Amino acid sequence: QVQLVESGGGLVQAGGSLRLSCTASRSIFSLNPMAWYRRAPGKQRELVASITSRGSTNYADSVKGRFTISRDNAKNTVYLQMDSLKPEDTAVYSCNAVESSIRTYWGQGTQVTVSS
């Protein structure tokens with residue numbers, strides 16, 4: 001079992017930056033992959049970015065070049081650096097992790113609001 005807690009959400013103006021953190025209750029060494037999802041109002045939940053235990057990353061086309069996912073195993077934390085934010089990025093962002101290819105964990109989510 002592992003608990004995931006997100007932080008760093010808030011209100012930011014278009015063009016601004018925000019850094020989200022997802023901290024696990026234990027080592028994330030065996031969590032593979034870890035990812036950030038988001039759900040905007042009236043939209044389906046979508047995968048924003050993911051990162052494997054080896055550091056390989058993938059991004060949704062809509063955020064490529066603007067968002068960066070990273071993981072710090074020593075701090076049991078995964079980050080999502082969001083730059084050049086757009087109003088379309090407004091959503092609840094949730095941290096996700098997979099353990100042993102059979103268990104999935106979710107954080108409670110953090111609200112990101114980007115104003116025009």
Side-chain angles (χ1 to χ4, degrees):
Q1 288 282 357
V2 60
Q3 286 73 51
L4 305 174
V5 179
E6 302 97 334
S7 63
L11 175 65
V12 65
Q13 289 184 304
S17 297
L18 216 54
R19 189 194 198 193
L20 305 183
S21 298
C22 171
T23 300
S25 59
R26 62 164 174 81
S27 173
I28 63 170
F29 183 78
S30 64
L31 301 179
N32 179 35
M34 295 194 73
W36 286 95
Y37 285 77
R38 69 184 180 187
R39 182 172 237 148
K43 298 284 188 177
Q44 295 285 323
R45 182 175 60 193
E46 67 171 337
L47 176 63
V48 177
S50 65
I51 184 166
T52 69
S53 59
R54 295 296 191 95
S56 179
T57 59
N58 282 287
Y59 298 91
D61 288 342
S62 60
V63 306
K64 285 180 180 177
R66 300 189 298 119
F67 290 11
T68 303
I69 188 171
S70 61
R71 63 191 290 164
D72 187 337
N73 291 340
K75 294 184 175 181
N76 297 340
T77 300
V78 170
Y79 303 97
L80 184 67
Q81 178 67 44
M82 304 183 293
D83 298 320
S84 302
L85 282 162
K86 305 174 180 179
E88 307 93 271
D89 295 318
T90 295
V92 174
Y93 286 72
S94 299
C95 183
N96 168 271
V98 175
E99 182 180 42
S100 302
S101 299
I102 58 172
R103 291 188 177 90
T104 301
Y105 303 98
W106 290 94
Q108 289 289 89
T110 185
Q111 176 70 48
V112 171
T113 302
V114 185
S115 62
S116 300

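This structure is a prediction, so every number in the text was calculated from the model and none was measured. Any value given below was found using the heavy atoms of this structure, including those in side chains, with hydrogens, waters and symmetry copies removed.
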Handout entry: CA sep, side-chain torsions, deciding dist, call: Ser56, Ile51, side-chain contact (heavy atoms from CB on, under 4.5 Å)
Key = CA-CA 5 Å; Ser56 179; Ile51 184 166; over 6 Å; no
Practice task
Starting from the C-alpha separation in whole Å, work towards a yes-or-no answer on side chain to side chain donor-acceptor pair (under 3.5 Å) for Asp83 and Ser17.
Solution key: CA-CA 4 Å; Asp83 298 320; Ser17 297; 2.7 Å; yes
Practice task
May I have the step-by-step check of side chain to side chain donor-acceptor pair (under 3.5 Å) for Thr90 and Thr113, ending in yes or no?
Solution key: CA-CA 5 Å; Thr90 295; Thr113 302; 5.2 Å; no
Exercise for the section: Kindly determine whether Glu46 and Arg38 satisfy side-chain contact (heavy atoms from CB on, under 4.5 Å), including the steps that lead there. Expected result: CA-CA 6 Å; Glu46 67 171 337; Arg38 69 184 180 187; 2.7 Å; yes
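Expressed to the nearest 0.5 Å, how far OG of Ser116 lies from CD of Glu88 amounts to 8.5 Å. To the nearest 0.5 angstrom, Leu85 atom CG is 6.5 Å from Arg66 atom CZ. If you take CG on Asn58 and CD1 on Ile69, they are separated by 9.5 Å, rounding to the nearest 0.5 Å. Between the CE atom of Met82 and the OG1 atom of Thr68 there is a distance of 11.0 Å, given to the nearest 0.5 Å. One distance of note links CZ of Arg54 with CZ of Arg71; it measures 11.5 Å at 0.5 Å rounding. To the nearest 0.5 Å, the span separating SG on Cys22 from CE on Met34 amounts to 4.5 Å.
With hydrogens and angles disregarded, no donor-acceptor distance shorter than 3.5 Å links the side chain of Ser25 to the backbone of Val2. The main-chain N or O of Gln108 is found under 3.5 Å from a side-chain atom of Glu6 such that the two form a donor-acceptor pair. Counting only distance, with no hydrogens or angles, the side chain of Ser100 and the backbone of Ile102 share no donor-acceptor pair below 3.5 Å.
Listed here is the closest heavy atom pair of Leu18 and Gly8: CG-O, 3.4 Å. Heavy-atom minimum distance, Pro87 versus Ala14: CD-CB, 4.1 Å. Shown here for Leu4 and Ala24, the closest heavy-atom pair between the two residues is CD2-CB, 3.8 Å. Between Ala49 and Leu80, the shortest heavy-atom contact is CB-CD1, 4.2 Å. Closest approach of Asp72 to Ile28, counting heavy atoms only: O-CD1, 4.0 Å.
Residues satisfying the side chain to side chain donor-acceptor pair (under 3.5 Å) criterion with Arg39, sequence neighbours excluded, are absent altogether.
Residue pairs meeting the ring-ring contact (aromatic ring centres under 6.0 Å, His included) criterion with at least one member in residues 57-90, sequence neighbours excluded, do not occur. Within the structure, the ring-ring contact (aromatic ring centres under 6.0 Å, His included) test picks out the following pairs touching residues 12-43 (sequence neighbours left out): Tyr37-Trp106.
Put simply, the side chain of Asn73 does not reach to within 4.5 Å of the side chain of Ser27, judged on heavy atoms. Counting heavy atoms from C-beta outward, Ser115 and Val12 have side chains that stay 4.5 Å or more apart. Taking the side chain as every heavy atom from C-beta outward, Arg26 and Leu31 approach each other to under 4.5 Å.
Around atom CZ of Arg103, no more than 12 heavy atoms belonging to other residues, nucleotides or ligands sit under 6.0 Å away.
No path of Ile, Leu, Val, Met, Phe, Trp and Tyr side chains, each step under 4.5 Å between heavy atoms, connects Val98 with Val48, placing them in separate hydrophobic clusters.
Inspection of the Asn32 and Thr52 side chains reveals no N or O donor paired with an N or O acceptor under 3.5 Å.
At a threshold of 4.0 Å, the pair Asp89-Lys86 does not count as salt-bridged, since none of the basic side-chain nitrogens sits closer than that to a carboxylate oxygen.
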